[in-house]
Amino acid sequence: MSKEAYIVLKNISKTFKQMQALKEVDLSLYAGECVGLVGHNGAGKSTLIKLILGLIQPTEGSIQLFNQDFSLKNASELRRQIGYLPETVALHGALTGEETLNFYARLKGVPLEDNLSLLARVGIAQAANRRVGTYSKGMRQRLALAQALLGEPKVLLFDEPTTGLDPASRQMFYDIVGELKAKGTTILLSTHALAELEGYADRIVVMKNGVKLADGTLKTLQSQSGLPERIEVKFKSATNLPSHWEKIGENAYSTQSLGDQKITLLKELGDLDLLASLDIYTPSLDEMYMHMLKREDI
Ligand SMILES: Nc1ncnc2c1ncn2[C@@H]1O[C@H](COP(=O)(O)OP(=O)(O)OP(=O)(O)O)[C@@H](O)[C@H]1O
């Protein structure tokens, strides 16, 4: 059975005065998937998220949320099912963490009684009664995350959520992403740090200058990037290999493998008992991403 599309953007363009921030973008987010939205500064990531939230209107194209057209009439009802963690979080320094969360809970119309456990979930229960003005950046970000999780929304939009976080806070954030995914929440997460998404994102959308360059699983992206894997072998004694194996040391060779060439290349090695070592290097996510952005001349 195919999954339900919670959010469907069709042929979306957005122009700010002379500046075209998005060009004919199609994007669907399905129930329970985590989608990474990556792109350099100005690629259009925040604009895309703001359009989904209804904070700005598209110049062209249509947006459907939960199978309904996103008109002003039903906007607030639909928006209640979406949690948003903005890139820059403005929190009132004079309020305590708990007061802040209570304030947002009232705005969203959700009960207040779970707020302390929500603060515990994001690791700042001990600071619930402290003024936010005394919080570190990491603590503020955790509080902002708690705000986004209020009311258990079906869809969460995270705009560069881990920027400026230390490794422990970042890990806590991705632990929560893992839990949300397991519960079937749909997550759209924009980031510059593609490598962070490994193991969490089911799909990656790559944006450049307002255009969607790629949309697929990491495996698809890897084959689309056109970057080869590298195989390195070392034999226990001298041997001969076909000329596409480059000699890189004593009895050691290296070659590149594109697409499904790997098995054929490995067969050329013959008896594996004659090998001292065998290493296969797959391009990292960041290498693929950089390569893809460089290759596309937009
Ligand atoms: N309100 C606005 N008025 C004018 N131009 C805007 C506005 N909002 C965004 N833009 C422009 O649209 C383009 C896309 O911006 P956007 O913030 O969506 O990029 P981004 O991918 O989120 O970048 P970053 O990683 O730097 O946050 C940029 O060139 C930006 O200057």
Side-chain angles (χ1 to χ4, degrees), residues 7-29 34-63 65 70 72 75 79 82-91 137-138 140-141 144-145 147-148 155-165 169-170 173-174 177 186-198 200-201 203-216 218 221 224-225 284-298:
I7 295 183
V8 180
L9 276 71
K10 274 194 197 141
N11 202 26
I12 290 289
S13 294
K14 177 68 187 174
T15 307
F16 296 102
K17 295 188 181 125
Q18 305 300 321
M19 172 73 213
Q20 188 158 25
L22 290 175
K23 291 169 202 158
E24 295 163 13
V25 174
D26 287 321
L27 177 68
S28 296
L29 299 179
C34 177
V35 177
L37 183 61
V38 298
H40 284 348
N41 292 124
K45 306 181 296 293
S46 301
T47 304
L48 205 58
I49 288 177
K50 285 176 189 160
L51 281 162
I52 296 173
L53 286 165
L55 298 177
I56 54 176
Q57 298 300 314
T59 313
E60 271 178 64
S62 67
I63 301 177
L65 302 183
F70 196 13
L72 286 178
R79 214 177 280 158
I82 301 181
Y84 172 47
L85 177 58
E87 190 179 347
T88 327
V89 187
L91 297 168
K137 175 168 172 38
R140 278 172 209 239
Q141 193 73 352
L145 173 62
Q147 164 279 129
V155 174
L156 279 160
L157 307 176
F158 294 137
D159 199 353
E160 296 183 27
T162 58
T163 307
L165 290 189
S169 302
R170 192 168 296 183
F173 174 79
Y174 279 106
V177 166
T186 298
I187 300 167
L188 180 69
L189 196 166
S190 92
T191 181
H192 294 277
L194 183 57
E196 273 185 29
L197 298 176
E198 201 151 18
Y200 296 101
R203 205 148 59 86
I204 307 281
V205 172
V206 182
M207 302 286 302
K208 184 177 179 184
N209 296 345
V211 174
K212 189 170 90 170
L213 282 191
D215 183 346
L218 291 177
L221 251 62
Q224 280 179 0
S225 76
S284 72
L285 278 178
D286 283 326
E287 281 168 335
M288 287 185 321
Y289 171 54
M290 293 310 290
H291 184 75
M292 195 177 275
L293 287 186
K294 257 191 251 159
R295 203 187 48 185
E296 303 291 336
D297 189 17
I298 290 174

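The analysis underlying the following values was restricted to heavy atoms, covering all of them including side chains, and did not include hydrogens, waters or symmetry mates. Residue indices begin at 1 and follow the sequence shown. Every number for a ligand or one of its atoms is a count from 1 in the order of the listing.
- Heavy-atom contacts from other residues, nucleotides or ligands closer than 6.0 Å to CD of Glu87 number more than 12.
- Heavy atoms only, all atoms of each residue included: Leu37 and Lys45 are closest at O-CD, 3.6 Å.
- In this structure the side chain of Leu188 never reaches within 4.5 angstrom of the side chain of Phe158, judged on heavy atoms.
- Against a heavy-atom cut-off of under 4.0 Å, Ala43 is close to the following atoms of ligand 1: 19 (O), 20 (P), 21 (O).
- Of the protein's non-hydrogen atoms, Phe16 CB, 3.3 Å is the one closest to atom 4 (C) of ligand 1.
- Ligand 1 has a nitrogen or oxygen under 3.5 angstrom from a nitrogen or oxygen of Gly44.
- Taking a cut-off of under 4.0 Å to the non-hydrogen atoms of Ser46, the atoms of ligand 1 that pass are 17 (O), 18 (O), 20 (P), 22 (O), 27 (O).
- Neither side chain, Ser169 nor Gln141, offers a donor N or O lying under 3.5 Å from an acceptor on the other.
- Among protein heavy atoms, atom 14 (C) of ligand 1 sits closest to Gly42 O, 3.4 Å.
- Below 4.0 Å from some heavy atom of Glu160 lie the following atoms of ligand 1, by number and element: 24 (P), 25 (O), 27 (O).
- Against a heavy-atom cut-off of under 4.0 Å, Glu87 is close to the following atoms of ligand 1: 27 (O).
- For ligand 1, the atoms sitting less than 4.0 Å from at least one non-hydrogen atom of His192 are 25 (O), numbered in the order shown with element in parentheses.
- Contact annotation: the side chain of Lys10 never approaches that of Ile63 to less than 4.5 Å [non-hydrogen atoms, C-beta and beyond].
- Numbered from 1 in the order shown, with element, the atoms of ligand 1 that lie under 4.0 Å from a heavy atom of His40 read 21 (O).
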